Amino acid sequence: RTTAPTSIVVFGGTGDLAKRKLFPAFFNLFIDEWMPAHFQILALGRKPYTQEKFRRYVLENLREFSRNNNYTEKQWLNFSEKIIFVNFDITDENSFRNLHDKLTAFDVTCNRRANRLFYLSVAPSFIDKVSANLKKMGLASEIEKDRIIIEKPFGYDKASAVALNKLLNENFKEEQIYRIDHYLGKETVQNILAFRFANTFFEPLWSNRHIESVQITVAEQVGVEDRGGYYDHSGALRDMIQNHLLQILCMVAMDAPVEFESSLIRDKKAEILKAVRRIKPEDINHYTVRAQYTEGVINGKPKKAYKQEPGVDPDSKTETFVAMKFYIDNPRWQGVPFYMRTGKSMVQKKSSVIVNFKEVPNKTFVNSKDKLQPNQLTINIQPEMDIRLAFMAKKPGLDMTLKPAEMVFDYFECAPDSPEAYETLLIDALDGDSTLFMRSDQVEEAWDIIATIQEEWENGTYSPIYTYSAGSWGPQAADDLLSRQGHRWLSTT
Ligand code: NAP
């Protein structure tokens with residue numbers, strides 16, 4: 001845990017992410033005594049707040065968005081003193097001069113050069129200006145002390161991601177850059193590594209010798225809400241598969257690092273992304289399904305079709321659902337299909353990884369009237385947070401009848417008030433631990449994996465856009481993708 005005095009600078013301090021995630025995360029870290037003793041949060045934006053009005057705005061947001069509302073008035077007052085609203089225009093160099101003065105003044109109060117954490121919670125088009133000015137004014141010049149957090153999206157395709165990385169690398173050292181994917185901060189995602197590498201049970205089975213297939217699902221119940229304009233230029237492939245789902249794939253499929261150390265872990269993840277088989281343009285329809293939601297019912301409430309959402313082009317071809325099949329061409333995973341699906345306006349919110357083991361090879365119970373179900377390991381990421389192992393057991397009684405049983409490890413029971421992903425990631429960034437952040441090569445490889453699909457979906461004429469009713473599990477074509485290989489999506493009830 002870092003003890004160094006720190007200036008935290010939030011570009012976009014008046015924006016949606018800051019209000020819903022960043023301030024609640026900093027506050028919870030503060031009341032749980034994870035923040036350094038001496039810190040300030042400079043919240044930057046053009047909106048005309050006074051200090052008092054801004055602090056009141058933060059408090060209102062904490063009441064709505066913080067996981068913990070169990071704090072004292074004194075705790076809030078102590079925290080609120082650390083927040084300083086700074087009227088700031090990214091396009092105006094004077095704003096950066098003013099920022100320089102504020103940072104230097106804080107250093108004086110600390111009797112030393114404080115650490116600096118710059119959070120770029122602004123549209124990607126501003127990254128250029130912010131980085132260039134930070135460099136020009138020497139605001140992030142101490143490599144060991146100064147860090148820059150970048151929010152997704154990291155580019156729009158491989159070429160723009162390479163250009164973004166080049167731009168960042170011109171202004172900062174790679175070890176200063178923290179590309180955030182909040183999925184990696186989730187307890188249950190981090191626990192995948194603990195589960196795999198801190199136990200002897202599963203690792204010997206974790207390969208094509210014993211595993212039949214793997215399924216990764218990230219289903220959202222929400223539609224595009226008020227982000228239609230943004231989403232219509234993005235879509236599920238860019239917005240979810242390229243980052244969150246491929247990052248989860250890395251956690252599930254990577255080899256063990258020699259040590260739990262940032263660069264070693266990130267090397268192993270990059271190796272997996274390199275080994276993911278690229279899908280040839282002519283095979284895209286065989287490996288992928290894209291779809292858009294039409295009107296339907298979710299939780300008893302009517303939901304309008306994607307094309308009728310505000311900000312969405314009524315002729316939009318943007319996918320709100322993707323299902324696909326990947327192969328990993330390394331000795332461990334050769335021949336094992338990794339199925340992924342993600343969508344908006346689906347029947348329920350669910351993120352999970354399901355590992356399906358092969359059928360029992362011996363014939364001991366071949367004549368049993370009860371069908372043997374292959375073992376299955378489910379890692380529920382959200383909203384349930386648990387690990388479930390399904391296995392066959394003898395039904396209590398005089399005869400040898402079998403039935404499926406389950407062993408469950410429930411995260412909620414152990415830690416009902418576990419930290420939010422942003423808390424974990426922010427404390428790591430304050431500490432200078434980049435393990436859970438993405439390195440430039442990972443980001444570029446992930447774009448490379450989906451490049452042919454992006455190209456075909458944008459310019460080709462052969463990939464249909466299926467539809468699915470809002471409130472369903474997606475189109476029939478997504479089921480067909482698996483049934484061709486004798487598989488089916490699990491947990492779809
Ligand atoms: P937002 O609500 O639109 O906020 C944009 C912020 O940028 C505002 O604070 C705005 O402040 C500031 N801004 C715009 N022009 C500026 C200028 N010329 N000078 C100074 N500040 C300026 O966006 P957001 O949803 O918070 O998203 C921020 C970033 O996080 C984006 O890259 C987004 O892709 C990413 N992200 C957001 C979420 C989320 O849940 N919101 C999730 C994942 C990633 P003023 O209007 O006060 O100037």
Side-chain angles (χ1 to χ4, degrees), residues 8-26 41-51 53-54 57-58 61 64-66 83-99 102 118-134 139 148-156 160-161 164 167-168 177-186 218 220 222-236 238-245 247 311 342 344 349 382 420-423 425-426 429 436-438 443:
I8 297 160
V9 180
V10 184
F11 293 89
T14 54
D16 178 70
L17 184 70
K19 125 178 150 182
R20 288 190 306 110
K21 297 292 179 188
L22 305 185
F23 281 108
F26 283 125
I41 304 179
L42 303 179
L44 317 186
R46 292 165 309 169
K47 292 191 188 79
Y49 284 104
T50 60
Q51 293 302 346
K53 240 173 110 183
F54 188 75
Y57 159 82
V58 172
N61 294 325
E64 188 171 353
F65 300 112
S66 170
I83 304 171
I84 299 159
F85 174 71
V86 182
N87 196 278
F88 193 95
D89 187 345
I90 294 170
T91 61
D92 176 6
E93 271 196 22
N94 285 326
S95 287
F96 285 89
R97 281 193 204 100
N98 180 26
L99 177 61
K102 292 221 153 23
F118 297 95
Y119 201 121
L120 273 58
S121 182
V122 285
S125 54
F126 284 123
I127 295 178
D128 187 355
K129 270 232 148 33
V130 173
S131 322
N133 277 307
L134 290 182
L139 300 185
I148 302 25
I149 301 185
I150 308 284
E151 264 293 341
K152 77 166 203 179
F154 314 111
Y156 189 72
S160 55
L164 175 61
L167 172 106
L168 291 169
I177 305 167
Y178 289 65
R179 295 174 193 79
I180 206 161
D181 180 336
H182 73 276
Y183 254 76
L184 294 179
K186 289 185 185 292
V218 177
E220 296 180 286
V222 292
V224 290
E225 312 308 303
D226 52 2
R227 291 173 71 232
Y230 160 77
Y231 192 86
D232 208 33
H233 292 103
S234 176
R238 281 193 179 88
D239 200 46
M240 300 298 287
I241 300 273
Q242 188 274 342
N243 38 64
H244 306 321
L245 280 93
Q247 286 301 313
T342 181
K344 290 202 170 287
K349 173 174 170 164
Q382 68 178 25
E420 285 259 352
Y422 273 94
E423 292 171 50
L425 295 169
L426 287 171
L436 297 175
F437 296 82
M438 290 191 291
V443 172

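Here the structure is a predicted model, which means the values were calculated and not measured. Whatever order the structure lists ligands and atoms in, that order sets their numbers, starting from 1.
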Rounded to the nearest 0.5 Å, how far apart are CZ of R20 and CG of N61?
-> 10.0 Å
Among all protein heavy atoms, pick out the one at the shortest distance from atom 42 (C) of ligand 1; state its residue, atom name and that distance to 0.1 Å.
-> L17 CD1, 3.9 Å
Close side-chain approach of F54 and I83, heavy atoms under 4.5 Å = yes
Where is the nearest protein heavy atom to atom 28 (C) of ligand 1: which residue, which atom, and how far?
-> S121 O, 3.3 Å
Taking atom CG of L168 and atom CD1 of I150, what is their separation to the nearest 0.5 Å?
-> 4.5 Å
Heavy atom of protein inside 4.0 Å of atom 3 (O) of ligand 1, strictly below = no
Hey, can you tell me if Y57 and Y49 have their rings parallel, tilted or perpendicular (30° and 60° cut-offs)?
-> tilted
Does the N or O separation between V122 and ligand 1 drop below 3.5 Å for any pair?
-> yes
Just which atoms of ligand 1 are under 4.0 Å from any heavy atom in G15?
-> 2 (O), 4 (O), 8 (C), 9 (O), 26 (O)
For F88, the ligand 1 atoms with a heavy-atom partner under 4.0 Å come out as 19 (N), 20 (C)
What protein heavy atom is closest to atom 36 (N) of ligand 1, reported as residue, atom name and distance in Å?
-> E151 OE1, 3.8 Å
Is the closest N or O pair between D89 and ligand 1 shorter than 3.5 Å?
-> yes
Give the residue, atom name and distance (to 0.1 Å) of the protein heavy atom nearest atom 35 (C) of ligand 1.
-> K152 O, 3.4 Å
Is P153 near ligand 1, meaning one of its heavy atoms is under 4.0 Å from it?
-> yes
Is A18 in polar range of ligand 1, meaning some N or O pair under 3.5 Å apart?
-> no
K21 and its salt bridge (charged side-chain N to carboxylate O under 4.0 Å, His left out) partner, picked from E420, E151, E64, E423 = E420
For S121 and L17 the tightest heavy-atom approach is OG-CD2, 3.4 Å
Where ligand 1 meets G45 - atom numbers and elements under 4.0 angstrom, heavy-atom basis | 47 (O), 48 (O)
Which residue holds the protein heavy atom closest to atom 6 (C) of ligand 1, what is that atom called, and what is the gap in Å?
-> G12 CA, 3.7 Å
For I90, take its heavy atoms, then give the atoms of ligand 1 lying under 4.0 Å from any of them.
-> 17 (C), 18 (N), 19 (N), 20 (C), 21 (N)
In terms of heavy-atom contacts, M240 and V218 come closest through CE-CG1, 3.4 Å
May I ask whether R20 has any heavy atom positioned less than 4.0 angstrom from an atom of ligand 1?
-> yes
Rounding to 0.5 Å, atoms OH (Y178) and CG (L436) come to a distance of 11.0 Å
What is the nearest protein non-hydrogen atom to atom 41 (N) of ligand 1, stated with its residue, atom name and distance?
-> D16 OD2, 2.7 Å
Numbered in order shown, the ligand 1 atoms found under 4.0 Å of a heavy atom of T14 are 8 (C), 9 (O), 10 (C), 11 (O), 45 (P), 47 (O)
So is F126 in contact with ligand 1, going by heavy-atom distances below 4.0 Å?
-> yes
What do you reckon, are the aromatic ring centroids of F23 and F65 less than 6.0 Å apart?
-> no
Kindly assign one of parallel, tilted or perpendicular to the pair Y119 and Y422, based on the angle between their ring planes and the thresholds 30° and 60°.
-> tilted
In Å and rounded to the nearest 0.5 Å, what is the CG to CZ distance from D89 to F96?
-> 9.0 Å
Under a 4.0 Å heavy-atom limit, does R46 contact ligand 1 with its side chain, its backbone, both, or neither?
-> both
Can you check side-chain hydrogen bond (donor to acceptor under 3.5 Å, both in side chains) on Y183 and N243, steps first, answer last?
-> CA-CA 9 Å; Y183 254 76; N243 38 64; over 6 Å; no
Indicate yes or no: does an N/O atom of K47 lie under 3.5 Å from an N/O atom of ligand 1?
-> yes
